> 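Let me give you the structure first, and then I'll get to my questions.
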Amino acid sequence: SRTATIGSSAFSSCTNLTSISNIEQIQSLGDNAFSFCPNLSGTFVIPDAITSIPSWLFQDDSSLEAVVFHENVTEIQKFAFNNCTSLTDITFPSALVSIGQSAFDGCSGLTCNLVLPEGLTTLSNHAFQDCNNLTGKLIIPHNVITVGDYAFCGCSGFDSLELWAKLQIIGYNAFEN
């Protein structure tokens, strides 16, 4: 029988951990499950049962290169991928509605054209702060009412921005370079 849960901080600070495999049957991931694993590299495929990416899941995993989300993921919680500096590209699932505080803060390796899903409603404080290699046109989806403080602070690679009439609050220094 396979383990159905990986608990909070289960592999946190495992500095020699380089890969994770055979986790398709995981039903639950705890906060910090793989945080502070600087040698964890390659691609992590989120198990199908996971709909909310836990807080601090991969925080400071500086060698993680890619994450694959299935279409049922609705939430990425705070600091989930904070300082994952080798993460180069991200494709969000269409069901995603919330990106938590500092979820991708410091992911300086992201070199993609950031495409936020249409159903997104929440862009929290510091969500993409210091992702200075993001490029192209940033489109804030029409359901977003608030762009949090510092959400895109330090993201100097965007060449244009599209906002919708529904947007009511642009937070402090949200787009400061």
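All of these numbers come straight from a predicted model, not from anything done at the bench. Residue numbers start at 1 and run along the sequence shown.
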> Does some side-chain heavy atom of Ile90 sit less than 4.5 Å from a side-chain heavy atom of Phe104?
yes
> What distance separates Asp159 CG from Asn113 CG, expressed to the nearest 0.5 Å?
8.0 Å
> Begin with the C-alpha distance, continue with both residues' side-chain angles, and end with the deciding distance and a verdict on side chain to side chain contact (heavy atoms under 4.5 Å, CB included) for Phe58 and Asn82.
CA-CA 7 Å; Phe58 291 107; Asn82 178 261; over 6 Å; no
> Only pairs under 3.5 Å count here: list side-chain donor-acceptor contacts from residues 114-122, not counting sequence neighbours, and write none if there are none.
from	atom 1	to	atom 2	distance (Å)
Glu118	OE1	His142	ND1	2.7
Thr121	OG1	Val97	O	3.1

> Of the non-hydrogen atoms in Ile46 and Ile50, which two are nearest, and what is the gap between them?
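In this case the closest contact between Ile46 and Ile50 is CG2-CB, 3.8 Å.
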> To the nearest 0.5 Å, how far apart are CD in Glu24 and CG in Asp48?
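Between atom CD of Glu24 and atom CG of Asp48 there are 9.0 Å.
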> Quick check on the hydrophobic clustering: are Val68 and Ile6 connected, directly or via other members, by side-chain heavy-atom contacts under 4.5 Å?
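Cluster IDs for Val68 and Ile6 differ.
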> Listing request: all ring pair (Phe, Tyr, Trp, His ring centres under 6.0 Å) pairs with a residue in residues 107-127, at least two apart in sequence or in separate chains.
His126-Tyr150
> Quick one: list whatever passes side chain to side chain contact (heavy atoms under 4.5 Å, CB included) with Ala80, sequence neighbours left out.
Ile53, Ile76
> Would you give the length of the straight line joining atom CD1 of Ile99 to atom OG of Ser124, rounded to the nearest 0.5 angstrom?
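Going from the CD1 atom of Ile99 to the OG atom of Ser124 covers 8.5 Å.
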> Are Trp56 and Ile26 co-members of a hydrophobic cluster defined by side-chain heavy atoms under 4.5 Å apart?
no
> Taking all non-hydrogen atoms of both residues, which atom of Gly106 and which atom of Cys131 are closest, and how far apart?
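The pair with the smallest heavy-atom distance is N-SG, 4.5 Å.
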> To the nearest 0.5 angstrom, please state how far the NZ atom of Lys78 sits from the OG atom of Ser55.
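Reported value, rounded in 0.5 Å steps: 5.0 Å.
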> Can you check whether Asp105 reaches Asp130 side chain to side chain, under 4.5 Å on heavy atoms?
yes
> Looking at residues at least two apart in the chain, or sitting in another chain, which of them share a side chain to side chain contact (heavy atoms under 4.5 Å, CB included) with Ser13?
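For Ser13 the side chain to side chain contact (heavy atoms under 4.5 Å, CB included) partners, ignoring immediate neighbours, are Phe36.
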> Let me see the working for Asn83 and Asp60 under side chain to side chain contact (heavy atoms under 4.5 Å, CB included), right down to the final yes or no.
CA-CA 5 Å; Asn83 288 322; Asp60 286 318; 3.0 Å; yes
> Where do Asp61 and Ser35 come nearest, in terms of heavy atoms and distance?
OD1-C, 3.5 Å
> I want to check something: taking the side chain as every heavy atom from C-beta on, are Leu40 and Thr18 in contact at a cut-off of under 4.5 Å?
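Result no, sub-4.5 Å side-chain heavy-atom pair not found.
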> Can you name the nearest heavy-atom pair linking Val147 to Ala174, along with the distance?
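Heavy-atom minimum between the residues: CG1-CB, 4.1 Å.
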> Are the side chain of Asp89 and the backbone N or O of Cys112 linked by a donor-acceptor pair below 3.5 Å?
no
> Ignoring hydrogens, what is the shortest heavy-atom contact between Ile140 and Leu163? Give both atom names and the distance.
CG1-CD2, 3.6 Å
> Once side chain to side chain donor-acceptor pair (under 3.5 Å) is applied, do any residues pair with Asn143, and if so which ones, sequence neighbours excluded?
Lys166
> Using the ring centroid of each side chain, check whether Phe158 and Phe175 are separated by less than 6.0 Å.
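Between Phe175 and Phe158, which both carry aromatic rings, the centre distance is not below 6.0 Å.
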> Would you find a donor on one side and an acceptor on the other, under 3.5 Å apart, between the side chain of Asn133 and the backbone of Ser108?
yes
> Could you check whether the rings of Phe69 and Phe92 sit parallel, tilted or perpendicular, using 30° and 60° as the cut-offs?
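Aromatic pair Phe69/Phe92 classed parallel.
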> Please name all residues satisfying salt bridge (charged side-chain N to carboxylate O under 4.0 Å, His left out) with Lys137, sequence neighbours left out, ordered by chain then number.
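With sequence neighbours excluded, Lys137 shows a salt bridge (charged side-chain N to carboxylate O under 4.0 Å, His left out) to Glu162, given in chain and number order.
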> Out of curiosity, Leu96 CG to Thr51 OG1, how far, rounded to the nearest 0.5 Å?
11.0 Å
> Using modelled atom types and a 3.5 Å cut-off, is there a donor and acceptor pairing between side-chain atoms of Glu75 and backbone atoms of Val73?
no
> Please report the shortest heavy-atom distance between Ser94 and Glu71, naming the atom on each side.
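Nearest heavy atoms, Ser94 then Glu71: OG-OE1, 2.6 Å.
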> If you measure from CZ on Phe152 to CD1 on Ile170, what distance do you get to the nearest 0.5 Å?
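Nearest 0.5 Å value for the CZ-CD1 distance: 10.5 Å.
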> Show your working on side chain to side chain contact (heavy atoms under 4.5 Å, CB included) between Asn173 and Asp149 and close with a plain yes or no.
CA-CA 6 Å; Asn173 287 339; Asp149 296 345; over 6 Å; no
> Less than 4.5 Å apart, side chain to side chain, heavy atoms only: is that true for Ser8 and Asn32?
no
> Assigning hydrophobic clusters by single linkage (Ile, Leu, Val, Met, Phe, Trp, Tyr; side-chain heavy-atom cutoff under 4.5 Å), is Leu167 placed with Ile139?
no
> Just wondering, do Phe34 and Leu64 contact through their side chains at under 4.5 Å, heavy atoms?
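No. Closest side-chain heavy atoms not under 4.5 Å.
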> If we only count heavy atoms from C-beta on, is the Thr15 to Pro38 side-chain gap below 4.5 Å?
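The answer is yes; the side chains approach within 4.5 Å.
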> Going by heavy atoms in the side chains, are Gln77 and Ser52 under 4.5 Å from each other?
yes
> Scan side-chain atoms only and decide if Asn125 and Gln101 contain a donor-acceptor pair under the 3.5 Å cut-off.
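No donor-acceptor contact under 3.5 Å links the two side chains.
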> Less than 4.5 Å apart, side chain to side chain, heavy atoms only: is that true for Phe79 and Ser102?
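In contact.
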